[in-house]
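Take a look at the structure below.
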Amino acid sequence: MTATATATPARVRPSGNGWRGFGRLLRTETAVWLRDSASVFFGVLFPTVLLVGVGFGIPGMREPMTDDVPPDSIWYGVTPIATYLPTVLAMAIGTLAILSLPVTFATFRDKGVLRRLSTTPMRPQAIILAHLVINVATTFVGVALALVVAQTAFGIVRPEQLGVVLGAFVLGMLSLFSLGMVLSALVNKPSTANAVASLVYFPLLFLAGLWTPGPIMPDVVRQIGQFTPMGAAAQAMDTGWFGEGFPLSQYVVMVVWTAVLLPLAIKLFRWT
């Protein structure tokens, strides 16, 4: 995924508040971001396209699991495509946080946008906040679309514990975007950002269960995956959606990732 070059924000007159003009900056950056068709596709449409492709393209994904699943299992009677949904939601967060955000800031750094912005009266942190807002909002739109289509096309069951699912989703966003911001702080070339982000993103997808979701995930993958931010988010949402109890260990893992990575990203972030 690549990011388009952004227009340099207009110089804002000095004022007592360095955030004056943030709304204009946000609108400008949103308009530029929307011109990048790849970011829009992967941020908004890809989770839905993946769900529909797997649900209709793989035989048996829409049939309830009863033959090879014990009756006392949380997966009994659940369709395979339903078990896929928490992983897809975790993937939706990670796609923008890990693939899109670092490339965007590497492009800005490479073209000198961050350096020029740091000399204006606008707080330089505004560009970071603007793109966090854009990517978080896009994540919500992509996830909402995926949920609506999943319910319409496959009749996905409602979560057993909605609060647990929502909490896992929020913590997943915090931990994965913190990881994305660390990558954004370290890379200064778009090509490097693409390479580094891919090296991080695809192993996280594997450990989150994209290829082995729910009941078919090997125990060793599940055990390792619960210590990664994407895997912990997917597993916690699994528990909230289909099971009972509270996924405490997964919640703790996401909190620790956030507590470590967010201050690290702030410390390491460079404008040049």
Side-chain angles (χ1 to χ4, degrees), residues 42 46-47 50-51 53-55 57-70 72-99 143 146 150 156-157 159-161 164-165 167-169 171-180 182-183 196-258 260-261:
F42 283 102
F46 184 59
L50 182 61
L51 272 176
V54 170
I58 300 178
M61 290 298 288
R62 290 170 288 158
E63 301 297 326
M65 296 182 291
T66 55
D67 294 338
D68 300 322
V69 179
D72 59 345
S73 169
I74 64 172
W75 310 114
Y76 186 82
V78 177
T79 60
I81 191 62
T83 70
Y84 207 63
L85 185 58
T87 298
V88 170
L89 298 186
M91 180 209 70
I93 303 171
T95 300
L96 288 170
I98 298 174
L99 284 186
V143 165
I156 301 296
V157 296
E160 294 287 339
Q161 304 178 80
V164 171
V165 174
F169 184 80
L171 286 176
M173 291 191 73
L174 289 172
S175 57
L176 284 166
F177 273 99
S178 295
L179 176 56
V182 170
L183 298 179
V196 172
S198 296
L199 286 174
V200 174
Y201 176 73
F202 288 104
L204 288 181
L205 280 185
F206 172 75
L207 293 172
L210 187 68
W211 292 277
T212 56
I216 66 172
M217 180 182 288
D219 288 341
V220 64
V221 177
R222 181 178 295 276
Q223 290 299 320
I224 297 173
Q226 71 176 334
F227 294 106
T228 68
M230 194 182 297
Q235 290 184 26
M237 285 189 280
D238 264 338
T239 300
W241 215 292
F242 306 108
E244 298 177 353
F246 185 77
L248 178 61
S249 61
Q250 287 85 355
Y251 266 56
V252 170
V253 165
M254 290 185 283
V255 169
V256 170
W257 276 102
T258 304
V260 171
L261 293 179

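Given the structure is predicted, the values throughout are model-derived calculations rather than measurements.
T258 is not listed as a side-chain neighbour of L171, based on a closest heavy-atom distance of 4.5 Å or more. Side-chain contact check for V253 versus Q226: every heavy-atom pair is 4.5 Å or farther apart. Contact of the T239 side chain with the Q250 side chain is not registered, since no non-hydrogen atoms from C-beta on lie closer than 4.5 Å. At a threshold of 4.5 Å between non-hydrogen side-chain atoms, the residues T95 and Y201 count as touching. At a threshold of 4.5 Å between non-hydrogen side-chain atoms, the residues L210 and L50 count as touching.
For F206, the CZ atom sits in a loose shell: 12 or fewer heavy atoms of surrounding residues, nucleotides or ligands are nearer than 6.0 Å.
Looking at W257, F246, F169 one by one, the single match for ring-ring contact (aromatic ring centres under 6.0 Å, His included) with Y251 turns out to be F246.
A donor-acceptor distance shorter than 3.5 angstrom exists from the side chain of T87 to the backbone of A208, with no hydrogens or angles considered. Of the possible donor and acceptor atoms, none in the side chain of E160 sits under 3.5 Å from a partner among the backbone N and O of E244.
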Worksheet item: Between F42 and L99, does a side chain to side chain contact (heavy atoms under 4.5 Å, CB included) hold up when you go through it step by step?
Response: CA-CA 10 Å; F42 283 102; L99 284 186; 5.9 Å; no
Worksheet item: Would M230 and L176 count as a side chain to side chain contact (heavy atoms under 4.5 Å, CB included) if you check the C-alpha gap in whole Å, the side-chain angles of each, and the deciding distance to 0.1 Å?
Response: CA-CA 7 Å; M230 194 182 297; L176 284 166; 4.1 Å; yes
Item to complete: Show your reasoning for whether side chain to side chain contact (heavy atoms under 4.5 Å, CB included) applies to I98 and F177.
Response: CA-CA 7 Å; I98 298 174; F177 273 99; over 6 Å; no
Worksheet entry | Full working for side chain to side chain contact (heavy atoms under 4.5 Å, CB included) between L89 and V165 | CA-CA 11 Å; L89 298 186; V165 174; 5.5 Å; no
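Taking each heavy atom of R62 and G55 in turn, the nearest pair found is NE-O, 3.3 Å. Heavy-atom minimum distance, L204 versus P229: CD2-CD, 4.5 Å. Nearest heavy atoms, L261 versus S175: CD1-O, 4.3 Å. The two residues A233 and G172 have their closest heavy-atom pair at CB-CA, 4.0 Å. Annotation for A82 and I156: closest pair CA-CD1, 3.7 Å, computed over non-hydrogen atoms. Listed here is the closest heavy atom pair of P203 and S198: CD-O, 3.9 Å.
For the atom pair M254 CE and M173 CE, the distance stands at 12.5 Å (nearest 0.5 Å). A distance of 12.0 Å separates CG of L207 from CZ of R222, quoted to the nearest 0.5 Å. Here CD1 of I224 is found 11.0 Å from CG of D219. Values are rounded to the nearest 0.5 Å. Atoms CE and CG, from M91 and L51 in turn, are 7.5 Å apart once rounded to the nearest 0.5 Å. Interatomic distance, I81 CD1 to E63 CD, rounded to the nearest 0.5 Å: 12.5 Å. To the nearest 0.5 Å, atom CD of residue Q235 and atom CD of residue Q223 are 8.0 Å apart.
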